[in-house]
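One structure below.
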Amino acid sequence: MKIEQTEVSISAPDGQMPAFLLTPTEPNHKPAVLLLMEAFGLTSHIRDVAIRIAREGYVVLVPDLYYRELPNNKFGYDEVESAMAMMYRLDLKSVEADIRAALAFLKSQKDVYRDKPGEAALPCERIGVTGFCLGGGLSFLTACKFSAEIAAAAPFYGMVLDEWIDAVKDITVPVHLFFGGVDPFIPCDRIRQIESRFQELGKDYTLKVYPNAGHGFFCHERSDYNRLAAEDAWQQLTQFFKRHLHRES
């Protein structure tokens, strides 16, 4: 499948937010995926993941959520302290507004699926969100805050704040969560707490823990890369999006 790759600019509350847009060249309308970046920024790995998702038949948008700190807002995987420092400087209310702007931009694209005239007004029912590390947490936040704007969320090893666990009550879309069982940033007790909350509220969720995987297990450029976990997670992610974003009209 041929993919058109373009650099775009999204009007966000604090200025123009650069983003990476991938569009399969097939003429029909397609579902879409909002891909949220790691703490290391909009890295080449995240761009590679975007291409892989686009090849599955999706329009993919990857916003640069560190745009307020351009141009020095990307880090190597050996620059953990610098990346974490930038991540902790993020204002979550501002990032929430950025995500809202990114979703609006994605819905405005002519190639993204829209309901036919006369159908129920669900213009965003074919948009999924996923992300890794920082983006995993923000994917969780997106499900809490913007369930009316998306169809499904798949966070990868995202740190989840206490208030987001409380906000699970507001999630109305299916969620597929991926964690590493030996992730030093997300202890097993926290994972159990997250799962208990979904169970308690009767939410539509799947939670997958890879016992021998650490933080960043999906990224082949990181020391924590776990090939078997990454391959299984990719299969589960693509099946999850196919099930919830490729529904019959």
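One is the number of the first residue; the rest follow in order along the sequence. Scope of the values below: all heavy atoms of this structure, side chains included, with no hydrogens, waters or symmetry mates.
- At a threshold of 4.5 Å between non-hydrogen side-chain atoms, the residues Glu195 and Leu177 do not count as touching.
- Side chains of Asp64 and Leu70 form a contact here, defined as non-hydrogen atoms less than 4.5 Å apart.
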* Asked: Stepwise, does the side-chain contact (heavy atoms from CB on, under 4.5 Å) test hold for Val173 with Asp204?
  -> CA-CA 7 Å; Val173 297; Asp204 183 352; over 6 Å; no

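- The shortest side-chain heavy-atom distance between Leu245 and Val33 falls under the 4.5 Å cut-off.
- Once rounded to the nearest 0.5 Å, the distance linking CZ of Phe198 with CG of Leu207 reads 8.0 Å.
- Side-chain atoms of Thr43 and Glu38 form a donor-acceptor pair, as typed in the model, at a separation below 3.5 Å.
- A single hydrophobic cluster is not seen to contain both Tyr225 and Tyr157; linkage of ILVMFWY side chains at heavy-atom distances under 4.5 Å, directly or through other members, places them apart.
- What you find for Ala102 and Leu61 is that their closest heavy atoms are O-CD2, 3.4 Å.
- A donor-acceptor pair shorter than 3.5 Å cannot be found between the side chains of Tyr210 and Asn226.
- Note: Ser94 OG to Arg68 CZ = 4.5 Å, rounded to the nearest 0.5 Å.
- By the 4.5 Å heavy-atom criterion applied to side chains, Ile171 and Leu201 are not counted as neighbours.
- Taking all atoms of both residues into account, the shortest heavy-atom contact from Leu21 to Gln109 is CD2-OE1, 3.6 Å.
- Contact check for Leu36 versus Ile99: side-chain heavy atoms found under the 4.5 Å cut-off.
- Pro63 approaches Met37 most closely through the heavy-atom pair O-SD, 3.9 Å.
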* Kindly indicate, with the supporting measurements, whether the criterion side-chain contact (heavy atoms from CB on, under 4.5 Å) is fulfilled by Phe179 and Arg190. => CA-CA 11 Å; Phe179 292 105; Arg190 188 60 158 178; over 6 Å; no

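- Taking the centre of each ring, Tyr113 and His246 stay at or above the 6.0 Å mark.
- To the nearest 0.5 Å, atom OG of residue Ser9 and atom CZ of residue Phe105 are 8.0 Å apart.
- At least one donor-acceptor pair under 3.5 Å links the side chain of Thr130 to the backbone N or O of Ala154.
- Ring pair Trp234/Phe218 is tilted by interplanar angle, where 30° to 60° counts as tilted.
- Between Phe241 and Pro31, the closest side-chain pair of non-hydrogen atoms is not below 4.5 Å.
- Side-chain contact between Arg126 and Val112 is absent, with no heavy-atom pair separated by less than 4.5 Å.
- Residues Val49 and Leu228 are members of separate hydrophobic clusters, defined by side-chain heavy-atom contacts under 4.5 angstrom among Ile, Leu, Val, Met, Phe, Trp and Tyr.
- Residues Val160 and Pro155 have side chains not in contact (no heavy-atom distance under 4.5 Å, counting atoms from C-beta outward).
- The distance from atom CG of Leu35 to atom CD1 of Ile51, rounded to the nearest 0.5 Å, is 11.0 Å.
- Salt-bridge annotation for Glu231 and Arg227: present, with a side-chain N of the basic residue lying under 4.0 Å from a carboxylate O of the acidic one.
- Salt-bridge check for Lys107 with Glu149: passed, with a basic side-chain N closer than 4.0 Å to an acidic carboxylate O.
- Between the side chain of Arg197 and the backbone N or O of Asp166, at least one donor-acceptor pair lies under 3.5 Å.
- A distance of 8.5 Å separates CZ of Phe40 from OH of Tyr66, quoted to the nearest 0.5 Å.
- Remark: the backbone N or O of Val182 is not paired with any side-chain donor or acceptor of His215 at under 3.5 angstrom.
- Glu7 CD: more than 12 foreign heavy atoms inside a 6.0 Å radius.
- Between the side chain of Lys30 and the backbone N or O of Asn28 there is at least one donor-acceptor pair closer than 3.5 Å.
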* Given Gln16 and Tyr67, is the side-chain contact (heavy atoms from CB on, under 4.5 Å) satisfied, shown in steps? -> CA-CA 8 Å; Gln16 293 299 307; Tyr67 70 97; over 6 Å; no

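- Applying the side-chain contact (heavy atoms from CB on, under 4.5 Å) test to Ala104 and every residue at least two apart in sequence or in another chain returns nothing.
- At distances below 3.5 Å, at least one donor-acceptor pair connects side-chain atoms of Thr238 with backbone N or O atoms of Gln235.
- Leu22 and Ala50 make their closest contact through CD1-CB, 3.5 Å (heavy atoms, listed as atom of the first residue, atom of the second, distance).
- Classification of Lys203 and Asp170 as a salt-bridged pair fails, no side-chain N sitting under 4.0 Å from a carboxylate O.
- Listed here is the closest heavy atom pair of Ala97 and Pro13: CB-CG, 3.6 Å.
- Minimum heavy-atom separation, Gly137 to Trp164: O-CZ3, 3.3 Å.
- Here the CZ-CZ distance, from Phe20 to Arg47, works out to 5.0 Å after rounding to the nearest 0.5 Å.
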* Asked: So Leu138 and Leu65, side-chain contact (heavy atoms from CB on, under 4.5 Å) or not? Walk me through it.
  -> CA-CA 10 Å; Leu138 295 177; Leu65 299 173; 3.5 Å; yes

